[in-house]
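Below is one structure, written out as structure tokens, with a few remarks after it.
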Amino acid sequence: MNKTYLKLSLDLDFVLIAITAAAKDYILCHKINKSLEFDFEKADDHEVYYNIDEAPLSFSKFYYFVEQGEIEYYLVSNRNSEGFLIPEMNKVDFFMIIHQYIDKEDLNFILTRLNKLTDIQVAAQINPLKLKSKENLVM
């Protein structure tokens with residue numbers, strides 16, 4: 001009898017920015033919106049199933065869509081009362097996920113503006129492929 005194997009591949013084609021900030025999610029979004037002229041809005045929480053027998057963990061999520069270029073921005077909390085979205089990055093408070101192509105100049109502008117915000121200690125681009133829990137970032 002022939003066996004058929006199913007290979008799953010994750011779509012990790014996005015820019016990932018790790019943000020360390022001691023602010024509440026809605027306050028941080030407001031400051032990012034003002035600084036970058038974004039329009040983040042609260043979206044349904046991002047749910048992650050760690051065990052099939054348990055309820056999912058929910059993480060706060062905000063969404064902004066730019067029609068020109070069809071760029072999607074997500075701001076997702078890395079922590080909740082029960083754990084971390086990406087446990088190996090437990091010092092990070094939020095992740096900004098940017099879907100679609102963004103050039104280096106625009107990315108550097110975003111990083112510079114984020115790092116100038118008083119509530120943000122550091123904002124840095126990281127490679128999602130190097131994370132053990134990268135599947136938790138799939139939107």
Side-chain angles (χ1 to χ4, degrees):
M1 181 180 196
N2 290 337
K3 291 185 180 181
T4 303
Y5 293 96
L6 176 64
K7 282 189 175 182
L8 296 177
S9 64
L10 298 175
D11 180 17
L12 298 174
D13 188 23
F14 55 81
V15 174
L16 182 63
I17 299 173
I19 300 172
T20 302
K24 298 271 188 197
D25 55 2
Y26 59 90
I27 293 172
L28 182 63
C29 271
H30 176 71
K31 291 186 178 189
I32 290 172
N33 284 345
K34 289 188 91 168
S35 175
L36 291 168
E37 297 180 9
F38 280 9
D39 193 18
F40 273 113
E41 294 182 357
K42 181 75 173 119
D44 291 338
D45 286 349
H46 181 62
E47 294 185 339
V48 177
Y49 290 86
Y50 287 103
N51 293 316
I52 199 161
D53 299 338
E54 297 176 9
L57 292 182
S58 295
F59 297 90
S60 171
K61 179 173 72 174
F62 294 80
Y63 178 73
Y64 170 52
F65 179 73
V66 179
E67 287 188 32
Q68 182 182 7
E70 296 185 359
I71 302 172
E72 294 179 306
Y73 294 87
Y74 294 93
L75 185 72
V76 184
S77 178
N78 187 40
R79 54 180 85 218
N80 68 16
S81 61
E82 299 173 33
F84 294 94
L85 178 65
I86 306 295
E88 63 268 25
M89 300 284 291
N90 60 7
K91 302 283 189 234
V92 172
D93 297 303
F94 300 94
F95 290 105
M96 183 180 285
I97 300 166
I98 306 170
H99 282 277
Q100 288 300 345
Y101 174 76
I102 182 169
D103 63 31
K104 290 278 187 207
E105 188 176 309
D106 290 341
L107 178 59
N108 288 336
F109 176 78
I110 290 171
L111 287 169
T112 301
R113 283 292 180 99
L114 288 174
N115 281 307
K116 285 184 180 179
L117 291 174
T118 55
D119 288 326
I120 294 179
Q121 285 79 36
V122 69
Q125 181 182 5
I126 58 175
N127 184 349
L129 297 173
K130 294 185 178 181
L131 298 174
K132 285 191 255 179
S133 308
K134 57 187 162 267
E135 66 275 354
N136 295 347
L137 294 170
V138 175
M139 295 290 145

Applying side chain to side chain contact (heavy atoms under 4.5 Å, CB included), run through Leu16 and Leu131 and close with a yes or a no.
-> CA-CA 11 Å; Leu16 182 63; Leu131 298 174; 3.8 Å; yes
Going by heavy atoms in the side chains, are Phe59 and Asn136 under 4.5 Å from each other?
-> no
Find out whether Ile110 and Ile102 are in side-chain contact, i.e. whether some heavy atom of one side chain is under 4.5 Å from a heavy atom of the other.
-> yes
Do the ring planes of His99 and Tyr74 sit parallel (below 30°), tilted (30 to 60°) or perpendicular (above 60°)?
-> perpendicular
For [X] versus [Y], what's the shortest heavy-atom pair and its separation?
X: Leu111; Y: Ala123; answer: CD2-O, 3.8 Å
X: Glu37; Y: Tyr64; answer: O-OH, 4.0 Å
X: Ser77; Y: Phe94; answer: CA-CD2, 3.7 Å
X: Val76; Y: His46; answer: CG1-CB, 4.3 Å

Residues in side chain to side chain contact (heavy atoms under 4.5 Å, CB included) with Gln100, at least two apart?
-> Ile71
Residues that Asn78 engages under side-chain hydrogen bond (donor to acceptor under 3.5 Å, both in side chains), provided they are two or more places apart | none
Phe109 and Leu114: same hydrophobic cluster, using ILVMFWY side-chain contacts below 4.5 Å?
-> yes
State yes or no: do Ile120 and Leu107 share one hydrophobic cluster built from I, L, V, M, F, W and Y residues joined by side-chain heavy-atom distances below 4.5 Å, directly or via other members?
-> yes
Got more than 12 heavy atoms from elsewhere within 6.0 Å of CG, Asp44?
-> no
Pairwise distance [atom1]([X]) to [atom2]([Y]) - rounded to 0.5 angstrom:
X: Tyr73; Y: Ile98; atom1: OH; atom2: CD1; value: 5.5 Å
X: Asn33; Y: Leu75; atom1: CG; atom2: CG; value: 9.5 Å
X: Glu41; Y: Phe65; atom1: CD; atom2: CZ; value: 13.0 Å
X: Leu137; Y: Lys134; atom1: CG; atom2: NZ; value: 10.0 Å

Worked verdict on Ile126 versus Phe95 for side chain to side chain contact (heavy atoms under 4.5 Å, CB included) | CA-CA 10 Å; Ile126 58 175; Phe95 290 105; 3.9 Å; yes
Pairwise side-chain hydrogen bond (donor to acceptor under 3.5 Å, both in side chains) hits with a residue in residues 117-130, at least two apart = Lys31-Asp119
Checking Arg113 side chain against Ser35 main chain: does a donor-acceptor pair fall under 3.5 Å?
-> yes
Evaluate the criterion side chain to side chain contact (heavy atoms under 4.5 Å, CB included) for residue pair Ile32 and Phe62; output intermediate values, then yes/no.
-> CA-CA 11 Å; Ile32 290 172; Phe62 294 80; over 6 Å; no
Which residue pairs pass the salt bridge (charged side-chain N to carboxylate O under 4.0 Å, His left out) test when at least one of the two sits in residues 73-101, sequence neighbours left out?
-> Arg79-Asp93
Looking at residues at least two apart in the chain, or sitting in another chain, which of them share a ring pair (Phe, Tyr, Trp, His ring centres under 6.0 Å) with Phe40?
-> Phe38
When the side chains of residues 18-30 are checked against the rest of the protein, which donor-acceptor pairs come out under 3.5 Å, sequence neighbours left out?
{"residue": "Asp25", "atom": "OD2", "partner": "Ser60", "partner atom": "OG", "Å": "2.4"}

Hey, mind stepping through Leu57 and Phe84 against side chain to side chain contact (heavy atoms under 4.5 Å, CB included) and telling me if it holds?
-> CA-CA 9 Å; Leu57 292 182; Phe84 294 94; over 6 Å; no
